[in-house]
2 protein chains.
Amino acid sequence: MANIREIAKRAGVSVSTVSRVLNGYPYVKEEKRRAVWDVIHQLNYKKNINAVHLSKGRTNIIGVMLPTINHPYFSMIVEGISEEALRYGYHLLFFQTNYDIHKEQEALEMLRVKQIDGLIICSHTIRLETIASYTNDGPIVLCEDTSEPHLFSVYIDHYHAFALGMDYLIKKGHCKIGYCLSRPTSINSQKRKAAYKDALQSIHAPIRPDWMFHHCLHMSDGKRIASTILSLEEKPTALLVASDQVAAGIVLWGKTYGLHVPNDLAIVSFDNHPISEALHITTIELPLSLIGKKAFQMIYDYFTNDKTQPTKEKLPVRLIERASV
Amino acid sequence: MANIREIAKRAGVSVSTVSRVLNGYPYVKEEKRRAVWDVIHQLNYKKNINAVHLSKGRTNIIGVMLPTINHPYFSMIVEGISEEALRYGYHLLFFQTNYDIHKEQEALEMLRVKQIDGLIICSHTIRLETIASYTNDGPIVLCEDTSEPHLFSVYIDHYHAFALGMDYLIKKGHCKIGYCLSRPTSINSQKRKAAYKDALQSIHAPIRPDWMFHHCLHMSDGKRIASTILSLEEKPTALLVASDQVAAGIVLWGKTYGLHVPNDLAIVSFDNHPISEALHITTIELPLSLIGKKAFQMIYDYFTNDKTQPTKEKLPVRLIERASV
DNA sequence: GTGAAAGCGCTAACAG
DNA sequence: CTGTTAGCGCTTTCAC
């Protein structure tokens, strides 16, 4: 395998001249430049990127930490990241953690060993302080609202988004409202819960734990919820569902079981994935692809424009009225 | 940032001893081993992985080439790859190509520049010969049936799978059968088309181009198909749909437009994603996660067990009867 | 058991 | 404009 020394020798120049040609730097006589290119093409030479990485101390690879790639919520964020990354010549390394703390830690370690230049955390279980302890090793962007001063953050105001959904349901006459969330301990869920409780309190409605469903992420969870609700003696009349996938599961399996949306149960969902449109589900659109884009940009600006001071950015949502309420 | 020399100096040993300790090699006196570990912990030292990569000429990173990550078909394959990769300490680098030939070529180039040790191609537009020309740079696994001798291949027998669906529809009394495929030029589509035509010929049914729909990949394509079929003067009575997502789009939008499955239109779909179960769609299950696993294993065996001779493996499917026929 | 030293292939500071 | 050279940090062979 040819290397830069070989090229230099054959072209009758020094390695640094070859390096200049390779990297498009100025100050190389046209004649030599051509000679170098000739040899390069002749030998079908390519740089060894690992040598570049070692020498530069950078890889142009960004890590992406997520529980699973096989879910529209995350794959839409990833699509946003990916789009921007490609534009700027960065690559993406994925860490599918399944919320396993050890795997999450491994992803963070990749920052330390310089496998990646920066890390985007779509969702996590590991403690915030642990994450923050890696900030010396590179920029870390969190896709949630955090006050941790060392972390970049791009997020949706989930309190506001949930409040928006609650208001809508209340205005439509509902007061027996339940919810479906994913992991109850996540920051996003905490904010949503707060909005939920505040809204119920404002109309003096009681908080019913049996109407609060957790660990809802997939369509199959919607199946579970539909049958659970049917078995309830006192049922909620409306549900705020934190994921279109889950909402779709409730609508479809509800139909199979005899629980009809919106007559038996009104639903306001989140995400605005294609499935919500196909099922005419009223949903609150989350700018997931945009989150990905912004997250990448923060890392890009860190390196390219020296914006090393962690920033936080909040993204807007909008309610799309359809036929599930 | 501490390096191996620093550790050696502080522990009073040579760098090679440190390297032996770091990599768990034998023949190091227990006393020195401990001394080295002490310094390592004290300095919170970690290897620079790029130096390892350069030195070893390997990265333990496998590339994954796919058009988009935001589709269940691909994210299920990826999940399979990812699961195996994690088990063996490999990382994954994603190349989202959107079927752009230049991006596909870039992914292949990553093999040449030694960014990745091997490449798994989930789907591609670029010519097979072009792909094959990179086999000297590392193992390449294709997720389709190919006779190209230099490529590994793990695939579903799409001819057989489509024939299975056709037989089923024919046995159920259908002879006016159409299909939905994604890119008509792909090898997978070619096989499916062949099975389709052979089945129609076997019952002496004419081949109707207006019942053959292409570029169907997402739920929104199902919407398009549903409305197109409604506008047809002579309609097919059944459809073989190469993706659950598209089938779901047809069922759901069909309902909205007044085209009812299975009464107006029978559907046999492919994949067996959760949505097909929720919609009671008869589908042919494809072992997508298994494809990913096998693909990774081939690359792993290449390096670990010296299985450098390209192999091909065919994976089975099964039909799941539900209520869409 | 242990260490010296020669790479791995490229970058970039510096001298000219 | 151009070349020399000292890294980047780790692995691995070989001699002792």
Side-chain angles (χ1 to χ4, degrees), chain A residues 1-37 39-40 43-61 109-117 137-138 303, chain B residues 1-37 39-40 43-61 109-117 137-138 303:
Chain A
M1 195 63 195
N3 60 26
I4 199 173
R5 264 189 298 276
E6 175 79 13
I7 305 294
K9 199 196 298 173
R10 297 212 188 195
V13 300
S14 71
V15 291
S16 39
T17 296
V18 177
S19 178
R20 287 188 190 102
V21 172
L22 243 22
N23 296 299
Y25 293 156
Y27 304 131
V28 176
K29 208 188 280 171
E30 200 44 42
E31 188 186 321
K32 299 207 176 194
R33 191 180 290 275
R34 205 184 339 263
V36 170
W37 275 123
V39 178
I40 287 177
L43 267 56
N44 195 11
Y45 162 85
K46 295 281 162 162
K47 287 201 271 195
N48 179 324
I49 216 167
N50 294 128
V52 178
H53 292 168
L54 175 59
S55 185
K56 290 200 155 173
R58 289 257 302 279
T59 60
N60 273 31
I61 298 178
E109 283 295 327
M110 289 302 112
L111 219 42
R112 296 225 44 210
V113 301
K114 303 196 168 301
Q115 170 78 269
I116 55 180
D117 293 345
D137 300 303
F303 289 112
Chain B
M1 192 66 194
N3 59 26
I4 200 173
R5 265 190 296 275
E6 175 80 12
I7 306 293
K9 200 195 298 174
R10 299 211 188 195
V13 299
S14 72
V15 291
S16 35
T17 296
V18 177
S19 178
R20 287 189 189 100
V21 172
L22 242 21
N23 296 298
Y25 293 156
Y27 302 130
V28 176
K29 211 189 279 173
E30 200 44 44
E31 188 186 321
K32 296 206 176 193
R33 192 180 290 277
R34 207 188 332 271
V36 170
W37 276 124
V39 179
I40 287 176
L43 266 57
N44 195 12
Y45 162 84
K46 296 279 164 165
K47 285 200 272 195
N48 179 324
I49 216 166
N50 294 129
V52 178
H53 291 169
L54 175 59
S55 186
K56 291 201 155 173
R58 289 259 300 279
T59 60
N60 274 30
I61 298 177
E109 284 294 328
M110 289 303 113
L111 219 42
R112 297 226 43 212
V113 301
K114 302 193 167 304
Q115 169 78 269
I116 54 180
D117 293 346
D137 301 303
F303 289 112

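Predicted model only: the values in this text are computed from it and were never measured. Convention: sequence-line order gives letters A, B, ...; per-chain numbering from 1.
The side chain of A:Y45 places no N or O atom within less than 4.0 Å of a non-bridging phosphate oxygen (OP1 or OP2) of C:dG9. OP1 or OP2 of C:dC10 has not a single side-chain nitrogen or oxygen of A:N50 nearer than 4.0 Å. Residue A:N23 places at least one side-chain N or O closer than 4.0 Å to OP1 or OP2 of C:dT11. Using a 4.0 Å cut-off, some side-chain N or O of B:T17 falls inside it from OP1 or OP2 of C:dG3. Within the 4.0 Å cut-off from OP1 or OP2 of C:dG9, not a single side-chain nitrogen or oxygen of A:K46 is found. The phosphate of C:dC10 (OP1 or OP2) has no side-chain N or O of A:S55 nearer than 4.0 angstrom. Put simply, A:K47 has a side-chain N or O that comes within less than 4.0 Å of OP1 or OP2 on C:dT11. The side chain of B:K114 places no N or O atom within less than 4.0 Å of a non-bridging phosphate oxygen (OP1 or OP2) of C:dC8. The phosphate of D:dT11 (OP1 or OP2) has a side-chain N or O of B:S19 nearer than 4.0 angstrom.
Rounded to whole Å, atom P of D:dG9 lies 14 Å from atom CG of B:L43. Following rounding to the nearest Å, B:K56 (NZ) and C:dA6 (P) show an atom-to-atom distance of 22 Å. Rounded to an integer number of Å, the gap from A:Y25 OH to C:dC10 P is 14 Å. Across the protein-nucleic acid pair, A:R58 atom CZ and D:dG9 atom C1' stand 18 Å apart, rounded to whole Å. Distance, A:N3 CG to C:dC8 C1': 9 Å, rounded to whole Å. Counting to the nearest Å, the P atom of D:dC8 and the CG atom of B:N48 are 11 Å from each other. The nearest whole Å value for the distance from the CG atom in A:L54 to the P atom in D:dA6 is 18 Å. One can place CG of A:L22 at 11 Å from C1' of C:dT11, the figure rounded to the nearest angstrom.
Listed nucleotides C:dG3, D:dG3, C:dG9 differ in distance to A:R5; the shortest reach to its side chain belongs to C:dG9. With distances taken from any side-chain atom of B:S14 to the nucleotides C:dC10, C:dG3, D:dG9, the minimum falls on C:dG3.
Residues B:I4 and A:E30 each lie close to DNA chain D; by heavy-atom proximity, the contact nearer the 5' end of the strand is made by A:E30. Place B:A51 and B:Y27 on DNA chain C by their nearest nucleotides, and B:Y27 ends up nearer the 5' end.
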Exercise. Start with the C-alpha gap between B:H53 and B:K114, add the side-chain angles, then the distance that decides, and say whether side chain to side chain contact (heavy atoms under 4.5 Å, CB included) holds.
Key: CA-CA 9 Å; B:H53 291 169; B:K114 302 193 167 304; over 6 Å; no
Self-check item: Chi angles and distances behind the side chain to side chain contact (heavy atoms under 4.5 Å, CB included) call for B:Y45, B:E6
Solution: CA-CA 10 Å; B:Y45 162 84; B:E6 175 80 12; over 6 Å; no
Quiz prompt | Steps toward side chain to side chain contact (heavy atoms under 4.5 Å, CB included) verdict (B:I61, B:M110) | solution = CA-CA 11 Å; B:I61 298 177; B:M110 289 303 113; over 6 Å; no
Quiz item: Which is it for A:W37 and A:V21 under the side chain to side chain contact (heavy atoms under 4.5 Å, CB included) test, yes or no, and what are the steps along the way?
Solution: CA-CA 8 Å; A:W37 275 123; A:V21 172; 3.5 Å; yes
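Taking 3.5 Å as the limit, the base of C:dG3 and the side chain of B:S16 contain a donor-acceptor pair of atoms between them. The base of D:dG3 sits within donor-acceptor range of the side chain of A:R20, with an N or O pair under 3.5 Å.
Within the 4.5 Å cutoff, side-chain heavy atoms of A:N50 are placed close to those of B:T59. The closest side-chain heavy-atom distance from B:L22 to B:I7 is not below 4.5 Å.
B:V13 comes within 4.0 angstrom of sugar-phosphate atoms only, judged by non-hydrogen atoms across all strands, and of no base.
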